[in-house]
Amino acid sequence: MAEYNSLEKIRLQKLEELRAEGIEAYPTRVTRTHTSQQAIAEFEANETIELKATLAGRIRSMRAGGKITFAHIEDGDGKVQLFLRVNELNERLEFFNKLFDLGDFIEVSGIMFRTKSGEVTLHVHDFKLLAKSVTPLPADKDVTLDDGTVVRHASLDNPELRARQRYADLAVNPEVRETFRKRAKVVKSLRDFLDDKGFLEVETPILQPLYGGAAARPFTTHHNELEQDMYLRISFELYLKRLLVGNLEKVYEIGRDFRNEGVSFKHNPEFTQLEFYWAYADYLQVMELTEQMVAYTAEQVTGSTKVKYGEHELEFKPPWKRIEMRQGILDTAGIDINEHKTAEDLLKAIKQKQPKASPDAKATRGKLIDFLVSEFLEPTLIQPTFLYNYPRDISPLAKSIPGDPMTVERFEGYVAGFELCNAFTELNDPLDQEQRFIEMGRDYEAGDEDQHPLDEDYLRAMRYGMPPNGGFGMGVDRLTMILTNKHSIREVLLFPALRKEE
RNA sequence: GGGCGCGUAGCUCAAUGGUAGAGCAGCGGCCUUUUAAGCCGUUUGUUGAGAGUUCGAUCCUCUCCGCGCUCACCA
């Protein structure tokens, strides 16, 4: 049984009073004729015509006078003011004032007009309760004090409450609703862009017998009838590339990935990923498509390719800056990785630079290079930038640069100092791929949990012949953060992962 | 997982080792064009949970729970 606080008990009492009057507090049918903004627009188009309207929405404010009451209701389109007067409503006005609360959903009918102070308002002739609100919304308001200082409308602010009770957050903070409308637009724009380029949207398994395509720890679950453990996917990569073997030339998927790892302002255990694979393309073509796609999305969502993010103004218009990884590390860290061909050698060079963090002493050469990037280079990449040409040993699914077996054709897109996307010319040589898997298997035996187990079926697919192709992956949540100027992934997830209550 | 910080009324926040406060919301009045109205009156608490120190703990100590920041982890 729910326990009610004093405010809720008062509302429950009102509910009883309503029912005692024979009023259904949660009726089934609504007969709305206009949304709030439709009614206002239609009235403003010609104010000499009497406009009758029936509106529906939630009571957000009430100003009850003796014989008149002003209120605002809010619906999906916005707010509209109501004017209720004893002249039309008689004793029902008092009934309205006494038994209706902020947060209740109501239906109101009447005639649109403009008040003395100029606000388009519904003059209410009839009203009906649609749903009684038992728990008060956490709304608040500010007040101007005698000395002129304004106490701000604080409203719901507690980040935990806002995330746990997103419904209340959405109900009370219109800008939060706007953020999620923009998020939907981000996804739609990406889809439109890729569809227009001839990509086929597909859906691949979330429950997988093996996980792969990324270096991350998976969530494990169990299928009862099949009597086997299964994993929630950590990427789409290996399944999407199987489709290239099947002669689907251009495929993409937008969906959820699951990684059983730490939570931070840019990591949630489940997150939305976009991946596409493009036969007969290489990473340079993917780079061009990427900057076009992100610029298109930015423009669709914000109206411009220039986007404000915190103190920065980001320009997404192609072409983006390109930095070759070796050169970028040389410029920011002062180390030429080509002069340090072994991990021991590179580690020595790094130690001389005395970075703030210290690299793992057992790290491979590739991981040390990765360390240099995140320590020195990454924080400088504010404007959209492609960092390209990665070490082979941290890129097991990418193809080497012809003539440079240590380096692969791979790039990552950086914006605002963090990684937005990752792409490469995909490895399509089954023998090379098997070799790389085996090398990773060694890592796996050595206790590196992030390395994936060998996927025999993927190799079987590749042996049938996989066309040369370029692949791409991007965190949709992160793109949404940037395009909505939010600095935490939780702000762009409706229901971010939180610990169980109590 | 480590470090730092936070948790007080429905919401936003004060406060002191000695009976826990404000604004808004709520409740009761007055007000027929208000603008998150105004005026008068008024209620609200297991101070996150538990233990300890103390004559006395919201405050000090410890444990636990939750959240935030940060580091680690993380293509």
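Numbered from 1 within each chain, the chains take letters A, B, ... in sequence-line order.
Within the 4.0 angstrom heavy-atom criterion, no nucleotide atom of any strand lies near A:D370. Within 4.0 Å (heavy atoms only), A:A64 reaches at least one base atom of the nucleic acid. At a threshold of 4.0 angstrom between heavy atoms, the contacts of A:Q273 with the nucleic acid are absent. In this structure, A:Y390 reaches neither bases nor backbone, as no heavy-atom distance under 4.0 Å exists between it and the strands shown.
Candidate nucleotides B:U32, B:C67, B:U33 were compared by shortest atom distance to the side chain of A:R164, and B:C67 ranks first. Closest to the A:S6 side chain, of the nucleotides B:U44, B:C27, B:U32, is B:U44. Of the candidates B:U33, B:C74, B:G66, B:G66 carries the atom nearest the A:E160 side chain, counting heavy atoms from C-beta on. Nearest nucleotide to the side chain of A:I10, out of B:G10, B:C27, B:C67: B:C27. Side-chain atoms of A:Q81 lie closest to B:U34 of the nucleotides B:U34, B:G26, B:U32. Counting only heavy atoms from C-beta on, A:K98 has its side chain closest to B:G28 among B:U34, B:G28, B:G10. Of the candidate nucleotides B:A25, B:U32, B:C67, B:U32 has the atom nearest to the side chain of A:R85. Listed nucleotides: B:U32, B:U33, B:C67. Nearest to the side chain of A:F70: B:U33.
Between the side chain of A:N5 and the base of B:U44, no donor-acceptor pair of N or O atoms lies under 3.5 Å.
Remark: A:R217 is not in phosphate contact with B:C73, judged by side-chain N or O atoms under 4.0 Å from OP1 or OP2. Between A:R490 and the phosphate of B:G68, there is a side-chain N or O to OP1/OP2 separation shorter than 4.0 Å. An OP1 or OP2 oxygen of B:C27 is reached within less than 4.0 angstrom by a side-chain nitrogen or oxygen of A:K14. Taking 4.0 angstrom as the limit, A:R11 places none of its side-chain polar atoms (N or O) nearer than this to OP1 or OP2 of B:G26.
B:C31 sits 9 Å from B:C39 when the C1' atoms are compared, rounded to a whole Å. B:G21 and B:A14 have their C1' atoms separated by 7 Å, given to the nearest Å. With both ends at atom P, the span from B:G52 to B:U42 equals 41 Å, rounded to whole Å. Nucleotides B:A9 and B:U47 place their C1' atoms 10 Å apart, quoted to the nearest Å. Comparing B:A57 with B:G18, their P atoms sit 11 Å apart, to the nearest whole Å. B:A25 and B:G38 have their P atoms separated by 8 Å, given to the nearest Å. Annotation: B:C24 and B:C60 have their P atoms spaced 31 Å apart (nearest Å). Nucleotides B:G2 and B:C73 place their C1' atoms 12 Å apart, quoted to the nearest Å.
Between A:K266 atom NZ and B:U70 atom C1' the separation is 13 Å, expressed in whole Å. Taking atom CZ of A:R63 as the reference point, atom C1' of B:A37 lies 7 Å away to the nearest angstrom. Remark: P of B:C11 and CG of A:D169 are 13 Å apart, rounded to the nearest angstrom. The CG atom of A:L161 sits 12 Å away from the P atom of B:G68 (whole-angstrom rounding). As rounded to whole Å, 15 Å separates atom P of B:C11 from atom CG of A:L102. A:N97 places its CG atom 13 Å from the C1' atom of B:C30, with the value rounded to the nearest Å. Following rounding to the nearest Å, A:N268 (CG) and B:G68 (P) show an atom-to-atom distance of 11 Å. To the nearest angstrom, P of B:G66 lies 17 Å from CD of A:Q165.
Side-chain polar atoms of A:S36 and A:D75 form a donor-acceptor pair below 3.5 angstrom. Neither side chain, A:S235 nor A:D257, offers a donor N or O lying under 3.5 Å from an acceptor on the other.
Nucleotide B:C62 is matched to B:G50 when pairs are restricted to Watson-Crick or G-U wobble geometry with both distances under 3.5 angstrom. Nucleotide B:C73 is matched to nothing when pairs are restricted to Watson-Crick or G-U wobble geometry with both distances under 3.5 angstrom. Across all strands shown, B:G38 forms a Watson-Crick or G-U wobble pair, both distances under 3.5 Å, with B:C30. Using Watson-Crick or G-U wobble geometry with both donor-acceptor distances under 3.5 Å, B:G68 finds its partner in B:C4. Pairing for B:G45 is absent, judged as Watson-Crick or G-U wobble with the two contacts each under 3.5 Å. Across all strands shown, B:G17 has no partner, as no Watson-Crick or G-U wobble contact with both distances under 3.5 Å is found.
To the nearest 0.5 Å, atoms CD (A:E261) and NE2 (A:H267) are separated by 7.5 Å.
Classification of the A:F276-A:F472 ring pair by plane angle, with boundaries at 30° and 60°, yields parallel. Ring geometry for A:F386 versus A:W320: interplanar angle under 30°, hence parallel rather than tilted (30 to 60°).
Around the CD atom of A:Q13, the shell of radius 6.0 Å holds no more than 12 heavy atoms that belong to other residues, nucleotides or ligands. The environment of CD in A:E94 is sparse: at most 12 heavy-atom neighbours from other residues, nucleotides or ligands sit within 6.0 Å.
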Please assess A:E491 against A:R162 for the test salt bridge (Lys or Arg N to Asp or Glu O under 4.0 Å), listing each intermediate value before the final yes or no.
-> CA-CA 9 Å; A:E491 291 289 326; A:R162 285 189 47 230; 3.1 Å; yes
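Positionally, the nearest nucleotide of RNA chain B for A:L498 lies more toward the 5' end than for the other of A:L498 and A:S235. Nearer to the 5' terminus of RNA chain B, by closest-nucleotide assignment, is the contact made by A:N87 (compared with the other of A:N87 and A:E119).
Using a 4.0 Å cut-off between charged nitrogen and carboxylate oxygen, A:K14 and A:E17 do not count as a salt-bridge pair.
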